[in-house]
Amino acid sequence: MNILVLCTGNSARSILLESIFNHTGDGRVHAFSAGSNPTGRVHPQSLTLLSAQGHDISDARSKSWDEFAIEGAPEMDMVITVCGFAAEETCPVWPGAPVRAHWGVEDPAAADEPDWDQAFRTAYDILGRRAAALLELPVETMESSELSAQLKRIGGIQ
């Protein structure tokens with residue numbers, strides 16, 4: 001199952017969830033991340049935290065969702081947005097047939113540098129609990145409507 005994790009900048013939250021899925025999914029899922037307005041660089045604290053947690057960060061990069069809309073791009077089964085709930089933050093919308101869900105998390109990159117460690121750890125922990133809840137399900141055999149309902153439920157896990 002292919003999962004596309006979207007956020008605006010693709011430097012923190014979407015990078016974290018992509019890596020969590022790929023690190024803990026035991027090959028059941030293949031996650032990608034992208035942004036509607038990518039920063040062009042992965043936030044250094046994302047890399048620091050993921051590396052400390054034993055994730056392979058060699059392929060981590062900030063990229064546009066346009067890469068996944070071209071011919072030959074992997075077909076997505078799920079699209080999950082992770083933008084927070086701040087009124088000024090715009091979450092990308094993904095067209096097409098994949099099951100979609102919103103798993104909003106506050107942007108750790110918006111924290112002041114002295115607070116990065118805690119902000120990124122909080123986002124990582126929330127996203128990790130949500131990824132684990134999804135991976136406990138038989139996602140490969142679920143009907144779209146049931147998967148959609150479960151994704152929505154999981155998005156409320158803190």
Pick out which of Leu49, Ile57, Asn10, Val82 makes a side chain to side chain contact (heavy atoms under 4.5 Å, CB included) with Ile15.
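Between Ile15 and the candidates, side chain to side chain contact (heavy atoms under 4.5 Å, CB included) is satisfied uniquely by Asn10.
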Under the side chain to side chain contact (heavy atoms under 4.5 Å, CB included) test against Ile80, which residue among Val99, Leu127, Leu6, Ile3 passes?
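With Ile80 as partner, Val99, Leu127, Leu6, Ile3 yield a single side chain to side chain contact (heavy atoms under 4.5 Å, CB included), made by Ile3.
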Going from [atom1] on [X] to [atom2] on [Y], what distance comes out if it is rounded to the nearest 0.5 angstrom?
X	Y	atom1	atom2	answer
Gln118	Thr122	CD	OG1	4.0 Å
Ser148	Met142	OG	CE	9.5 Å
Glu75	Leu4	CD	CG	12.5 Å
Leu151	Arg130	CG	CZ	11.5 Å
Thr24	Gln53	OG1	CD	11.5 Å
Arg13	Ser33	CZ	OG	12.0 Å

Applying side chain to side chain donor-acceptor pair (under 3.5 Å), can you list everything that pairs with Thr48, at least two apart in sequence or on another chain?
none
Residues forming a side chain to side chain donor-acceptor pair (under 3.5 Å) with Asn2, sequence neighbours excluded
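Once residues adjacent in sequence are excluded, Asn2 has no partner under the side chain to side chain donor-acceptor pair (under 3.5 Å) criterion.
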Is Arg121 paired with Asp125 through a side-chain N to carboxylate O contact shorter than 4.0 Å?
yes
Between Glu67 and Arg61, is the closest basic N to carboxylate O distance under 4.0 Å?
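Looking at Arg61 and Glu67, the cut-off is met.
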Beyond-backbone contact of [X] with [Y], side-chain heavy atoms, under 4.5 angstrom:
X	Y	answer
Leu47	Ser51	no
Pro38	Lys63	no
Ile157	Trp103	no
Leu134	Gln150	no
Leu16	Val42	no
Glu140	Met1	yes
Leu137	Ile154	yes
Leu17	Tyr124	no

Heavy-atom pair of closest approach, residues [X] and [Y]:
X	Y	result
Ala109	Ala12	CB-CB, 4.3 Å
Gly54	His23	O-CE1, 3.2 Å
Leu135	Phe21	CD1-CD2, 4.3 Å

Ser14 and Glu18: side-chain donor and acceptor closer than 3.5 Å?
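The answer is no; no qualifying pair exists.
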Using a 3.5 Å distance criterion without hydrogens, assess whether the side chain of Thr81 forms a donor-acceptor pair with backbone atoms of Cys83.
no
Going by the ring pair (Phe, Tyr, Trp, His ring centres under 6.0 Å) test, which pairs reach into residues 31-54, not counting sequence neighbours?
His30-Phe32, Phe32-Phe68, His43-Trp116, His43-Phe120
